[in-house]
Student: 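Please find one structure pasted underneath; my questions will follow.
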Amino acid sequence: MDNEKEPRGDENARKKPLSRGRLLAKLFFSTLYISAFTFGGGYVIVTLLKKKFVDKYKWIDEDEMLDLVAIAQSAPGAIAVNGAVVTGYKLAGLTGAAVAAVATVLPPLVIIAVISVIYDAFRQNTVVAAMLEGMQAGVGAVIASVVYDMALDIFKQKSALSVVIMAAAFAASCFFEVNTVYIILACAAIGVVSALIKRKRGGKK
C-alpha cells in the first residue's frame, strides 16, 4: 500500500505550481549556473537552456523553445543573453527577463574582470592554452547536438515548407556564404507570408 501511495504524492508534487518568488529564484540560479559553466558562445547556452527548461523542468515545450531561439537569433545583441531574456520573459514576464539577464551577464562579467587583472600571465600559461583548445572540440560537439535536436523537431512537424526553409538557409549560409542577417530576414518574411495565407484560407472556411 505504501508503494502505491508514494508515486501519487510525487506526481502531485510535480504538478503543484511554483510560487512566483520560487520561480524567479529557480530561474535566477539555473540561468546563473548555465552561464557560469558555458564555454563556446550563444548556441551552447541555448542547448543547456533547452535541457534545463524543456527536458528537466518542462516549463516550456520544444516548439516554444524553437520560437524563442529564433527571436534570440534575430534580435540584436549576444544570443546567449537574448536567449536567456526571452526564456525568462516567457516564464515570468518582464521581471523574469530582468532576472535572467542579470544571472546570464554576472558570471562572465566577474570572470572577465578577474582575468583582465592577470591577463598577461593568463595568456602565456600553456595549461590554460591547452585547456581552451580542448574546449573547442567539446563546443563543436555541443553545437552539433543542438543542431541535430532542433532539425529533428522540424522534421517531426511534417511541414514541407519548414524543411525547405531549413535546407535553403543551411545552403545559403554554408555554400554561398550569404550574410546571416539576410537569411534571417528572408526566413521571417516567408514565415509572415505563410501565416497570412493560412489565416486567409481559414477565414474563407
Side-chain angles (χ1 to χ4, degrees), residues 25-60 62 64-88 90-91 97 99-156 166-167 169-181 183-184:
K26 205 166 186 178
L27 174 64
F28 176 83
F29 287 110
S30 296
T31 314
L32 183 74
Y33 172 83
I34 290 172
S35 178
F37 294 97
T38 296
F39 299 91
Y43 291 104
V44 179
I45 200 173
V46 167
T47 308
L48 298 179
L49 287 172
K50 177 182 178 298
K51 290 183 181 298
K52 180 71 72 173
F53 298 135
V54 177
D55 301 335
K56 184 177 180 180
Y57 294 151
K58 301 188 184 303
W59 287 347
I60 53 180
E62 292 186 1
E64 287 177 317
M65 192 67 201
L66 284 173
D67 293 339
L68 295 178
V69 171
I71 294 171
Q73 175 65 46
S74 58
I79 187 174
V81 179
N82 292 345
V85 167
V86 294
T87 302
K90 166 65 181 176
L91 295 173
V99 167
V102 172
T104 305
V105 172
L106 195 58
L109 181 65
V110 173
I111 292 171
I112 292 173
V114 172
I115 290 176
S116 65
V117 178
I118 54 172
Y119 177 72
D120 290 334
F122 185 86
R123 182 184 59 179
Q124 297 173 3
N125 191 302
T126 55
V127 175
V128 173
M131 179 183 68
L132 294 176
E133 186 175 352
M135 285 180 180
Q136 291 177 5
V139 167
V142 172
I143 293 176
S145 174
V146 71
V147 169
Y148 173 80
D149 290 339
M150 290 184 172
L152 194 62
D153 292 336
I154 294 295
F155 283 110
K156 286 180 180 179
M166 181 177 64
F170 176 81
S173 177
C174 293
F175 301 132
F176 301 102
E177 298 182 355
V178 179
N179 192 302
T180 306
V181 174
I183 295 175
I184 293 171

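Every value quoted in this text rests on a predicted model; they were computed, and no experiment measured them. As a basis for the values below, the full set of heavy atoms in this structure was taken, side chains included, without hydrogen atoms, waters or symmetry mates.
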Student: Check Thr31 against Leu27 and note the closest heavy-atom contact, atom names and distance.
Tutor: OG1-O, 2.6 Å
Student: If every non-hydrogen atom of Val181 is compared with every non-hydrogen atom of Asn179, which pair is closest and at what distance?
Tutor: N-OD1, 2.8 Å
Student: Could you please spell out the steps behind the side-chain contact (heavy atoms from CB on, under 4.5 Å) verdict for Lys26 and Tyr57?
Tutor: CA-CA 10 Å; Lys26 205 166 186 178; Tyr57 294 151; 3.5 Å; yes
Student: Between Leu49 and Met65, is a side-chain contact (heavy atoms from CB on, under 4.5 Å) present by the stated rule, with each step listed?
Tutor: CA-CA 9 Å; Leu49 287 172; Met65 192 67 201; 3.8 Å; yes
Student: Quick one: pull up CD1 in Ile34 and CZ in Phe29 and give me the separation to the nearest 0.5 Å.
Tutor: 14.0 Å
Student: Going from OG on Ser30 to CG on Leu48, what distance comes out if it is rounded to the nearest 0.5 angstrom?
Tutor: 11.5 Å
Student: Mind listing the closest non-hydrogen atom pair of Ile183 and Val178 along with its distance?
Tutor: CD1-O, 3.7 Å
Student: Of all heavy-atom pairs between Thr104 and Pro108, which one has the smallest distance, and what is that distance?
Tutor: O-CD, 3.2 Å
Student: Is it true that, when you exclude Lys51 itself, more than 12 heavy atoms of the residues, nucleotides or ligands shown sit nearer than 6.0 Å to its NZ?
Tutor: no
Student: Between Ile154 and Leu66, is a side-chain contact (heavy atoms from CB on, under 4.5 Å) present by the stated rule, with each step listed?
Tutor: CA-CA 9 Å; Ile154 294 295; Leu66 284 173; 4.3 Å; yes
Student: Measuring from Leu109:CG to Ser35:OG, what's the distance to the nearest 0.5 Å?
Tutor: 10.0 Å
Student: For the pair Phe170 and Phe175, name the ring-plane relationship: parallel under 30°, tilted 30 to 60°, perpendicular over 60°.
Tutor: perpendicular
Student: Once you round to the nearest 0.5 Å, how far does CG of Leu106 lie from CZ of Phe28?
Tutor: 6.0 Å
Student: Please say which of Lys50, Lys90, Lys58 ends up in a salt bridge (charged side-chain N to carboxylate O under 4.0 Å, His left out) with Glu64.
Tutor: Lys90
Student: Asn82 and Ile71: side-chain contact (heavy atoms from CB on, under 4.5 Å), yes or no, with the steps?
Tutor: CA-CA 8 Å; Asn82 292 345; Ile71 294 171; over 6 Å; no
